[in-house]
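Heads up: the structure comes next, in structure tokens.
Sequence lines set the chain letters: A, B, ... in the order given, protein chains first and strands last, and positions in each chain run from 1.
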Number of protein chains: 2
Amino acid sequence: MPCSPIGCPMDSLLRLLMGPWTTYILYVLRSNGPTRFGELKRRVAGVSAKVLTARLRMLEQSDVLERHYEPTIPPQVTYALSPRGRELADVIDRLGGIAKKWKDEDAAKAATSTTSAPPAPAAVPAKPRAPSPAAA
Amino acid sequence: MPCSPIGCPMDSLLRLLMGPWTTYILYVLRSNGPTRFGELKRRVAGVSAKVLTARLRMLEQSDVLERHYEPTIPPQVTYALSPRGRELADVIDRLGGIAKKWKDEDAAKAATSTTSAPPAPAAVPAKPRAPSPAAA
DNA sequence: TAAAGTAGGTACCTTTAAGTAACTAGATGA
DNA sequence: TCATCTAGTTACTTAAAGGTACCTACTTTA
């Protein structure tokens, strides 16, 4: 079940971003700088250690972030964005900009439409959707 | 199981891109222009009608693409990118560029390392990974 | 003595989402 | 008359993920 045909270079990259939390991990790492595992887990609220570990391994193996292991007695492991990670985080940022813009546009549109009208119906009744045969 | 905390504008956008085939649908629509359902299904090789329909509905509801229904007797339904879709496709293109660059870099690195060496071992044995307690 | 904090690993369960196949209407072509 | 094409829909099945809980070794603190 690929995101795109096998061999497409996007495929592996998307597989990277696709997992839950991934972009948020990158976001935290970008805005927070090198971060320890526990701190990361606290900031990415709601993520389980298992999934966080899995994501970090994926990202590390793809050279998107760097893992620094300090063998002190309570061991200290720090994660930081690599150059690739920063490159990726920039694009994600751009994506975030688009997302925010759309949301604002939607909010503005909703505001004007509800200025003198009841809450808009969820569906688009006038649209000539292909009739559902089974519904007959 | 959000990709990021609830309320983050990225969340819905990522949910859009995350689904399998989504980016490829956008890619086909971008390079091919308005495309009919069957043609789309043929170009996005391997996708099932069910999933393709689901993705198209998602993208349509998010105003990423436009659906045009022509009630001829074999009905003709055409999908095309909306302005938002083109905006999104641009970013995806950038992401694709990064993916390609990384792949080339990896290939080059692999070529130099295998010039006089056997296939590189898959793991990184020298890295001081935190010892696995259960393995002892 | 026992709990807490470090950074995870592992087993088990559940949920979600994809795949597959069969079905739809109505006209056309063999 | 039956299959085919259009653009899907629906039910059923299955597999891949995530969630939860419990486990590790070692030290410090209460």
Side-chain angles (χ1 to χ4, degrees), chain A residues 1-5 11 14-22 24-25 34-61 65-80 127-136, chain B residues 1-4 14-22 24-25 34-61 65-80 127-136:
Chain A
M1 55 194 106
C3 309
S4 44
D11 191 44
L14 278 171
R15 212 175 287 281
L16 220 65
L17 291 178
M18 262 173 46
W21 313 110
T22 308
Y24 201 61
I25 292 169
T35 308
R36 294 179 57 182
F37 182 86
E39 173 78 5
L40 209 47
K41 187 169 178 316
R42 244 168 280 128
R43 286 188 181 255
V44 184
V47 72
S48 67
K50 173 189 163 188
V51 172
L52 181 54
T53 303
R55 290 289 156 258
L56 291 172
R57 294 281 172 280
M58 277 184 69
L59 295 169
E60 188 196 355
Q61 282 184 6
L65 53 80
E66 285 147 11
R67 178 182 186 269
H68 182 71
Y69 175 73
E70 200 69 38
T72 54
I73 265 315
Q76 292 205 354
V77 181
T78 319
Y79 294 91
K127 200 159 200 173
R129 170 80 56 200
S132 173
Chain B
M1 54 197 102
C3 309
S4 44
L14 279 170
R15 211 175 289 279
L16 220 64
L17 292 178
M18 261 175 45
W21 313 110
T22 309
Y24 202 61
I25 293 169
T35 310
R36 293 178 58 182
F37 182 86
E39 173 78 5
L40 210 47
K41 187 170 178 316
R42 245 168 279 128
R43 288 190 178 253
V44 183
V47 72
S48 66
K50 172 189 160 187
V51 171
L52 181 55
T53 303
R55 291 290 155 260
L56 292 172
R57 292 281 173 281
M58 276 183 68
L59 295 169
E60 188 197 354
Q61 281 184 6
L65 54 81
E66 283 148 13
R67 178 181 186 269
H68 182 71
Y69 175 73
E70 200 69 38
T72 54
I73 263 316
Q76 293 204 353
V77 181
T78 318
Y79 293 92
K127 201 158 198 175
R129 171 77 57 200
S132 174

Rounded to whole Å, how long is the line connecting atom [atom1] of [X] with atom [atom2] of [N]?
X       : N      : atom1 : atom2 : answer
B/Arg55 : D/dG8  : CZ    : C1'   : 16 Å
B/Leu52 : C/dG19 : CG    : P     : 11 Å
B/Arg42 : D/dG8  : CZ    : P     : 14 Å
B/Lys50 : D/dT9  : NZ    : P     : 12 Å
A/Tyr69 : C/dG8  : OH    : P     : 9 Å
A/Leu40 : C/dG5  : CG    : C1'   : 17 Å
B/Arg43 : D/dA7  : CZ    : C1'   : 18 Å
B/Leu59 : D/dG8  : CG    : P     : 13 Å

query: Which atoms form the tightest heavy-atom contact between B/Tyr69 and B/Pro75, and what is the distance?
result: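 Answer, listing the atom of B/Tyr69 first, then B/Pro75: CE1-CB, 3.9 Å.
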field: Closest non-hydrogen atom pair, A/Ile25 against A/Leu52
entry: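 The answer is CD1-CD1, 3.6 Å.
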message: Checking A/Ala54 now: which residues fulfil side-chain contact (heavy atoms from CB on, under 4.5 Å) with it, not counting sequence neighbours?
response: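 Residues passing side-chain contact (heavy atoms from CB on, under 4.5 Å) with A/Ala54: none at all.
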query: Between D/dT9, C/dA7, C/dG19, which nucleotide has the shortest distance from any of its atoms to the side chain of B/Arg57?
result: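 Comparing D/dT9, C/dA7, C/dG19 against the side chain of B/Arg57, the answer is D/dT9.
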message: Nearest to the side chain of A/Pro75, heavy atoms from C-beta on, is which of D/dA7, C/dA7, D/dG18?
response: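 Nearest listed nucleotide: C/dA7.
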task: Could you tell me whether a side-chain N or O of B/Arg67 sits under 3.5 Å from a main-chain N or O of B/Val77, the two making a donor and an acceptor?
output: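 No; zero donor-acceptor contacts below 3.5 Å.
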Below 4.0 Å: OP1/OP2 of [N] and any side-chain N or O of [X]:
X       : N     : answer
A/Arg67 : C/dG8 : yes
B/Arg36 : D/dA7 : yes
B/Tyr79 : D/dG8 : yes

field: side-chain hydrogen bond (donor to acceptor under 3.5 Å, both in side chains) partners for B/Glu39, two or more places apart
entry: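 B/Glu39: side-chain hydrogen bond (donor to acceptor under 3.5 Å, both in side chains) contacts with B/Arg42, B/Arg43.
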- prompt: Hey, which of these two, B/Pro74 or A/Leu56, hits DNA chain C nearer its 5' end, going by closest nucleotide?
  reply: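 Taking each residue's closest nucleotide, the earlier one in sequence belongs to A/Leu56.
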- request: Select from A/Ala54 and A/Ile73 the residue whose nearest nucleotide in DNA chain D is closer to the 5' end of that strand.
  value: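 Closest to the 5' end, via its nearest nucleotide, is A/Ala54.
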query: How is B/Ser48 classified with respect to the nucleic acid when contacts are heavy atoms under 4.0 Å: base, sugar-phosphate, or nothing?
result: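 Base contact.
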